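Please read the structure below before turning to the comments.
Side-chain atoms are counted along with the backbone in the values below, which use heavy atoms only and exclude waters and symmetry mates. Owing to the predicted nature of the structure, the values given are computational and were not obtained by experimental measurement.
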Amino acid sequence: MDSLQLPAKVEKYEDFLNERLRTDLKMVLNQRDQLYSDIGELTQLKQTIQHMQSVPPPLKTMVDIGCNVYTQARVEDVSTLCVAVGMGFFLEMELGEASVYVDKRVTELTERALELTHQASLINARIKMVLQALNELQFSSDTLEQPHRHVW
């Protein structure tokens, strides 16, 4: 390889590493973190559903009325609740239906999070491979610039 082409190759690999691989890794990890956040919210909903099933009506609770201002509330009928199902839509479900929905949704999101973890591992492997290639290119440029002297 020509020593004049070497800096251009190194720069090309560094650009690929910084602009593509590291941004892809950050995006995948952010998506995975969002999924884990959603799983946490669904787990909290599941616990709330279990609590609602175990407590006889009326249910006394605190309700956020905005800006973290809470007021006491009394709910006479706790047999149904509205669940956010995505895209801004809410679906009224009975407690048993909501519990089944939450379980299925948690399973689905956990599988998706595992897929994203696998993608992140592949991107990390590519980053290591590019770093190794950069190391080899820079090492070869160091040996090209130094004249070799044979010692007998």
Would you indicate whether the side-chain heavy atoms of [Y] and [X] approach each other to under 4.5 Å?
| X | Y | value |
| --- | --- | --- |
| Lys46 | Gln50 | yes |
| Thr71 | Met62 | no |
| Glu41 | Leu45 | no |
| Thr61 | Val63 | yes |

For the residue pair [X] and [Y], what are the closest heavy atoms and their distance?
| X | Y | value |
| --- | --- | --- |
| Leu35 | Ala113 | CD1-N, 3.7 Å |
| Ala98 | Ile49 | CB-CD1, 3.6 Å |
| Ser79 | Asp77 | OG-OD1, 2.8 Å |
| Pro57 | Val78 | CG-CG2, 4.4 Å |

How long is the span from the [atom1] atom in [X] to the [atom2] atom in [Y], to the nearest 0.5 Å?
| X | Y | atom1 | atom2 | value |
| --- | --- | --- | --- | --- |
| Glu14 | Leu134 | CD | CG | 5.5 Å |
| Thr107 | Glu111 | OG1 | CD | 6.5 Å |
| Arg20 | Asn18 | CZ | CG | 13.5 Å |
| Leu122 | Leu21 | CG | CG | 11.5 Å |
| Ile127 | Met129 | CD1 | CE | 10.5 Å |

**Q.** side chain to side chain donor-acceptor pair (under 3.5 Å) assessment of Glu92 paired with Thr80
**A.** CA-CA 7 Å; Glu92 186 174 346; Thr80 61; 3.2 Å; yes
[X]-[Y] co-clustered via ILVMFWY side chain contacts under 4.5 Å:
| X | Y | value |
| --- | --- | --- |
| Leu109 | Phe89 | yes |
| Val85 | Leu95 | yes |
| Leu42 | Tyr36 | yes |
| Leu91 | Val106 | yes |
| Val55 | Val75 | yes |

Q | Val130/Phe16 under side chain to side chain contact (heavy atoms under 4.5 Å, CB included): CA gap, chis, key distance, verdict | A | CA-CA 9 Å; Val130 169; Phe16 178 70; 4.0 Å; yes
Q: Walk me through it: do Met93 and Leu81 pass the test side chain to side chain contact (heavy atoms under 4.5 Å, CB included)?
A: CA-CA 6 Å; Met93 298 181 188; Leu81 66 139; 5.7 Å; no
Q. Just by modelled atom types, is the Leu131 backbone N or O under 3.5 Å from a matching donor or acceptor in the Asn135 side chain?
A.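 The answer is no, because no donor-acceptor pair under 3.5 Å joins these two groups.
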Q: Check whether any side-chain N or O of Ser37 sits under 3.5 Å from a backbone N or O of Asp33 as a donor-acceptor pair, and report yes or no.
A: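 Answer holds: no.
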Look at atom [atom1] of [X] and say whether more than 12 heavy atoms of other residues, nucleotides or ligands are closer to it than 6.0 Å.
| X | atom1 | value |
| --- | --- | --- |
| Glu94 | CD | no |
| Arg22 | CZ | yes |
| Glu11 | CD | no |
| Tyr101 | OH | yes |

Q. Going by an N to O cut-off under 4.0 Å, is there a salt bridge joining Glu76 and Arg74?
A.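 Yes, this pair counts.
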**Q.** Any donor-acceptor N or O pair under 3.5 Å, side chains Asp38, Gln34
**A.**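 Asp38 vs Gln34: donor-acceptor pair found between side chains.
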Q. In terms of side-chain heavy atoms, does Gln119 have a donor or acceptor partner in Glu115 at a distance below 3.5 Å?
A.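 On atom types as modelled, these side chains do not qualify, holding no pair under 3.5 Å.
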